**Student:** 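Mind looking over this structure? Questions follow.
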2 protein chains.
Amino acid sequence: MTNAARARRPSHGPGSLLEVAVTEFNTRGYDATSMEDLSRAAGITKSSFYHHFAGKEALLRAALERAIDGLFTVLDSDGARTGSPLTRLRHIVRGQVEVLVAELPYVTLLLRVRGNTESERWALERRREFDGRIAALVREAVEAGEIRVGVEPALAARLLSGLVNSVVEWARPGPSTLPDDVARAAFEGILPAR
Amino acid sequence: MTNAARARRPSHGPGSLLEVAVTEFNTRGYDATSMEDLSRAAGITKSSFYHHFAGKEALLRAALERAIDGLFTVLDSDGARTGSPLTRLRHIVRGQVEVLVAELPYVTLLLRVRGNTESERWALERRREFDGRIAALVREAVEAGEIRVGVEPALAARLLSGLVNSVVEWARPGPSTLPDDVARAAFEGILPAR
DNA sequence: TAGCGCCGACCGAACGATCGGTGCGTCGTA
DNA sequence: TACGACGCACCGATCGTTCGGTCGGCGCTA
């Protein structure tokens with residue numbers, strides 16, 4: 001592909017169309033958003049949309065892949081693979097919140113899929129894998145004696161994921177102290193008594 | 001209306017139909033579930049469904065009201081209105097988890113509405129009210145010096161709600177120690193370091 | 001207690017609207 | 001003139017909803 005071909009008339013590149021689509025999906029929900037809604041929001045006709053994407057599910061798939069890629073990048077970073085289980089866990093939580101904010105609309109969409117289509121089931125499976133990696137790390141930290149065993153490690157892992165993921169419900173893009181705040185809440189209590 | 005008239009032939013009461021519908025809604029998502037899906041799951045025809053409910057949204061509305069009622073019942077209980085802010089907060093968290101498990105499918109549906117219809121916007125507004133009551137209580141507890149101010153009270157309230165609500169993603173009905181476990185995680189940390 | 005009239009529960013068929021998707025022509029630029 | 005970007009008109013399928021009608025058990029009356 002030549003640069004000229006890519007930049008010919010990029011008034012509506014696939015990238016910007018995907019962004020528009022994901023925003024609409026998050027506002028109305030994927031199933032409740034029609035292709036006509038999308039094209040209206042993008043300022044082109046429905047058929048023009050099909051010039052850039054194979055279909056509605058292709059849009060969803062692209063968005064979900066972007067979210068999944070972001071999340072797994074956190075697991076592959078240095079801080080997630082070196083050090084004690086607890087240190088790695090803290091690093092991952094911070095990184096996960098960072099990705100969550102940086103790729104907010106994409107991750108938001110990911111966290112809402114129900115498994116109706118093949119793409120959604122694929123995303124669900126990858127999420128399961130991600131959560132499984134975290135649960136394993138929690139178990140390691142407990143076995144290493146770094147963490148108090150107040151509840152089952154499996155339950156703790158689920159609550160941890162729930163806490164972190166709930167951030168998409170109200171987070172706003174831009175720099176903040178959110179990653180550290182969430183990590184502190186997770187490891188020292190959201191509302192620790194004096 | 002006589003009792004005999006009401007109990008004439010209750011093979012498919014509105015109650016059981018609602019239960020079936022909510023289950024389907026949670027599996028596929030509200031918008032992705034057709035009235036034909038519902039009637040197939042209920043064992044009656046689509047048109048028969050309209051004999052018991054005014055329409056698809058009426059089903060949603062009934063389910064959302066049930067969930068909302070359950071949640072606000074917690075706020076009205078004795079333990080939520082007497083004692084120190086921290087004590088009341090702990091009581092509410094436990095009670096909220098209890099309702100969440102007892103009315104699992106209804107609350108699950110509630111936590112997924114996006115505001116597409118009038119009923120959904122109503123439910124969203126009630127949820128906002130509920131969360132506001134909790135946020136106010138968190139602020140009180142901080143001002144009373146019962147809680148350490150690690151993060152902004154407003155942020156802490158959001159994380160608290162996120163933690164509690166995330167339970168619907170994996171909870172199973174039936175008795176358990178979940179309410180206490182969640183409360184402990186919220187106030188003492190999900191993964192407290194030794 | 002026999003007969004009648006009523007009503008709730010239910011169904012098959014169809015409605016207009018909207019869905020995701022397509023075929024084909026036009027426009028602008030290289 | 002070749003090609004990518006785009007729009008108009010339209011497709012079959014499915015959506016939520018409605019309508020006309022059937023069935024059978026119950027209460028009332030004679």
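Proteins get letters first, then strands, A, B, ... in listed order; numbering begins at 1 in each. Not measured: the values here are computed from a predicted model.
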**Student:** What side-chain donor-acceptor pairs closer than 3.5 Å can you find for residues 94-101 of chain A, not counting sequence neighbours?
**Tutor:**
from, atom 1, to, atom 2, distance (Å)
A/Q96, NE2, A/N165, OD1, 3.3

**Student:** Quick one: list whatever passes side-chain hydrogen bond (donor to acceptor under 3.5 Å, both in side chains) with B/D181, sequence neighbours left out.
**Tutor:** B/T177
**Student:** Quick one: which residue pairs count as a side chain to side chain donor-acceptor pair (under 3.5 Å) with a foot in residues 124-135 of chain B, not counting sequence neighbours?
**Tutor:** B/R126-B/E129
**Student:** Kindly state each residue pair satisfying salt bridge (Lys or Arg N to Asp or Glu O under 4.0 Å) with at least one member in residues 134-144 of chain B, sequence neighbours excluded.
**Tutor:** B/R88-B/E140
**Student:** Can you give me the N/O atom pairs linking the protein to nucleotides 12-15 of chain D at distances under 3.5 Å, or say none if there are none?
**Tutor:**
none

**Student:** Whole Å only: how far is the CZ atom of B/R40 from the P atom of D/dG16?
**Tutor:** 12 Å
**Student:** For B/S48 and C/dC11, is the shortest distance between a side-chain N/O and OP1 or OP2 below 4.0 Å?
**Tutor:** yes
**Student:** Indicate, yes or no, whether a donor-acceptor pair under 3.5 Å links the base of D/dC8 to the side chain of A/T45.
**Tutor:** no
**Student:** Taking only residues two or more places apart in sequence, or in another chain, which ones meet B/R114 in a side-chain hydrogen bond (donor to acceptor under 3.5 Å, both in side chains)?
**Tutor:** none
**Student:** Taking salt bridge (Lys or Arg N to Asp or Glu O under 4.0 Å) as the test, write out the residues that go with A/R172, two or more places apart.
**Tutor:** none
**Student:** Taking NZ, NE, NH1 and NH2 as the nitrogens, is one of them in A/E188 or A/R90 under 4.0 Å from a carboxylate oxygen of the other?
**Tutor:** yes
**Student:** Enumerate donor-acceptor pairs with a distance under 3.5 Å from any side-chain N or O in residues 36-44 of chain A to protein atoms, sequence neighbours excluded.
**Tutor:**
from, atom 1, to, atom 2, distance (Å)
A/D37, OD1, A/R40, NH1, 3.4
A/D37, OD2, A/S34, N, 3.0
A/D37, OD2, A/S34, OG, 3.2
A/S39, OG, A/M35, O, 2.9
A/S39, OG, A/E36, O, 3.1

**Student:** B/F53 has an atom CZ; how far is it from atom P of D/dT18, in whole Å?
**Tutor:** 15 Å
**Student:** Specify the angle, to 10°, made by the local axes at the two ends of the helix from C/dT1-D/dA30 to C/dA30-D/dT1 when five pairs are taken at each end.
**Tutor:** 10°
**Student:** For the side chain of B/Y50, counting heavy atoms from C-beta on, which of C/dC11, D/dG7, D/dT17 is nearest?
**Tutor:** D/dT17
**Student:** Counting only side-chain nitrogens and oxygens, does B/H52 get under 4.0 Å of the OP1 or OP2 atom of C/dC10?
**Tutor:** yes
**Student:** Indicate whether OP1 or OP2 belonging to D/dC6 is found under 4.0 Å from a side-chain N or O atom of A/H51.
**Tutor:** no
